[in-house]
There are 2 protein chains.
Amino acid sequence: MTRPEPAEAASRRPTRQRSALLAVLSDTDGFRSAQELHALLRARGDGVGLATVYRTLQALTDQGQVDVVRNADGEATYRRCSTAHHHHLMCRSCGRTVELADSPVERWAARVADQHGFADVQHQLEVFGTCAACAAAREPQR
Amino acid sequence: MTRPEPAEAASRRPTRQRSALLAVLSDTDGFRSAQELHALLRARGDGVGLATVYRTLQALTDQGQVDVVRNADGEATYRRCSTAHHHHLMCRSCGRTVELADSPVERWAARVADQHGFADVQHQLEVFGTCAACAAAREPQR
DNA sequence: AACGTTCATGAGAATCATTCTCGCACAGTT
DNA sequence: AACTGTGCGAGAATGATTCTCATGAACGTT
Ligand SMILES: [Zn+2]
Ligand SMILES: [Zn+2]
Ligand SMILES: [Zn+2]
Ligand SMILES: [Zn+2]
């Protein structure tokens, strides 16, 4: 079996492709798909194989270094986020993202799950909207 | 404001395949993928083409008659739900689902979005856990 | 520095869910 | 029966993600 264990930590070899990917991730504020990141890397000069992009993204996700959110088309998009638990408020137009902590969902989810006899509770919450900049840019068209 | 209801899809021809699909959807409590529904229909006797399953599911979703949730594998899963806004508490083991209304998220999302200058706010929230039955069924194995 | 072991990489093939194509079937109408 | 509009479905096409496996890079040890 060559499959990494779930509880496995981050003892991976540092490579050019990994730092390149992390660099691109740090350069953008929003969530990007693996395909987009692959293209950005290529455009930047330090190309990285598509398979490696997916593989590395998977590893970073397991380590909690990046968050994953599926967009409307069902594609997985990634973003480097703080490691603490939080949710996102993102612009569906430009991708601008704000991390949100301390939501009332934390308590509520636990309580309601308990009321229904559910254990090992988890939740996923995302908030979408149009940021001020994008709203302003659209206004003139009226 | 967030419910642009053209109310045009109401005049669709009633067909055997559609009622069969609705029947299967009503028979299950959890979310099922298009592939699963297709298999269930076939097993039941009234088979329906895969393309039709997808097509009908899409139409029902547009009409708000079914909710869609992407599972961990990224597959779209469907469930016949109440038409009013709500969220779900579902068992990640057996799929049992409970509809949740009146969450504190409604207000919170609107407020926090406003604070950051975002408009046209929407949100998606799902709660996962292990239902009492599944937890009990797993206990004996210890 | 050279050597051998181990792990990461990447081109291309393979998966697999979802969508598209397009000829056929069927109900209702004249 | 002939005509028309719409839904159906087998199979092809699409596209993201994963897998295969030969090659190359990183590391610890001589
Ligand atoms: Zn924006
Ligand atoms: Zn939370
Ligand atoms: Zn259960
Ligand atoms: Zn809500």
Side-chain angles (χ1 to χ4, degrees), chain A residues 1-6 8-25 31-63 65-79, chain B residues 6 8-25 31-63 65-79 95:
Chain A
M1 297 292 277
T2 52
R3 185 175 290 273
E5 297 308 315
E8 183 262 14
S11 58
R12 301 204 149 217
R13 283 181 187 167
T15 67
R16 172 186 72 76
Q17 12 297 80
R18 170 172 313 176
S19 56
L21 180 56
L22 284 172
V24 173
L25 280 170
F31 280 79
R32 304 295 173 202
S33 71
Q35 303 282 349
E36 285 178 311
L37 293 168
H38 177 248
L40 286 173
L41 283 167
R42 175 165 293 180
R44 212 183 227 219
D46 17 45
V48 174
L50 187 56
T52 300
V53 172
Y54 275 104
R55 203 160 25 205
T56 305
L57 243 19
Q58 180 64 59
L60 292 173
T61 297
D62 291 344
Q63 294 176 223
Q65 290 199 47
V66 304
D67 279 3
V68 190
V69 170
R70 298 225 167 238
N71 64 22
D73 297 318
E75 297 176 296
T77 56
Y78 308 80
R79 178 176 187 272
Chain B
E8 27 58 83
S11 61
R12 298 193 133 235
R13 272 186 198 169
T15 66
R16 174 186 69 77
Q17 11 300 81
R18 170 170 313 176
S19 57
L21 180 55
L22 284 172
V24 173
L25 279 170
F31 281 79
R32 304 294 175 204
S33 71
Q35 302 283 348
E36 285 179 311
L37 292 169
H38 177 248
L40 286 173
L41 284 167
R42 175 165 294 180
R44 220 185 219 217
D46 15 48
V48 174
L50 186 55
T52 299
V53 173
Y54 276 103
R55 202 158 28 204
T56 305
L57 243 19
Q58 180 62 60
L60 291 173
T61 297
D62 292 343
Q63 294 176 223
Q65 289 198 49
V66 303
D67 277 5
V68 189
V69 170
R70 299 226 166 236
N71 65 23
D73 297 319
E75 297 176 296
T77 58
Y78 308 79
R79 178 176 187 271

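These values consider heavy atoms only, across backbone and side chains, with no hydrogens, waters or symmetry-generated copies. Order of the sequence lines sets the chain letters (A, B, ...), proteins ahead of strands, with each chain counted from 1.
Residue-level contact check: A:T52 touches the bases, meaning some heavy atom is under 4.0 Å from a base atom. Residue A:Q17 is classed as a sugar-phosphate contact, given heavy-atom separations below 4.0 Å to backbone atoms only. Using a 4.0 Å heavy-atom cutoff across all strands shown, B:R55 reaches at least one base atom of the nucleic acid.
At most 12 heavy atoms of other shown residues, nucleotides or ligands fall within 6.0 angstrom of atom CZ in A:R42.
Put simply, CZ on A:R12 is 14 Å from P on D:dC27, counting in whole angstrom units. Taking atom CG on B:L50 and atom P on C:dT19, their separation rounds to 10 Å, with Å as the unit. In this structure, the CG atom of B:L57 is 11 Å from the C1' atom of C:dT18, given to the nearest Å. For the pair B:D73 CG and D:dA16 P, the computed distance is 18 Å after rounding to whole Å. One atom, CD of A:E75, and another, P of C:dC16, lie 20 Å apart when rounded to the nearest Å. Taking atom CG of residue B:L41 and atom P of nucleotide D:dC8, one finds them 12 Å apart after rounding to whole Å. When the C1' atom of C:dA11 is taken as reference, atom NE2 of A:H38 falls 11 Å away, rounded to whole Å. B:L21 has its CG atom 11 Å from the P atom of D:dG9, to the nearest Å.
Between B:Y54 and C:dT18, a side-chain N or O to OP1/OP2 separation shorter than 4.0 Å is present. Contact annotation: A:T15 side-chain N/O to C:dT9 OP1/OP2 distance is under 4.0 Å.
Of the listed nucleotides (C:dG10, D:dG11, C:dT18), C:dG10 has the atom at the smallest distance from the side chain of A:A51. When distances are taken from the side chain of B:T56 to each of C:dC20, C:dT18, D:dC8, the shortest belongs to D:dC8. When distances are taken from the side chain of A:Q35 to each of C:dT19, D:dA16, D:dT18, the shortest belongs to D:dA16. When distances are taken from the side chain of A:V48 to each of D:dG9, C:dG10, C:dT6, the shortest belongs to C:dG10.
The closest side-chain donor-acceptor pair between A:Y78 and A:E36, if any, does not fall under 3.5 angstrom.
The distance from the CZ atom of B:R55 to the CZ atom of B:R18 is 11.0 Å, given to the nearest 0.5 Å. Note that CG of A:L21 and CG of A:L25 are 4.5 Å apart. Values are rounded to the nearest 0.5 Å. In this structure, the separation between CG on B:D67 and OG1 on B:T77 is 10.0 Å, given to the nearest 0.5 Å.
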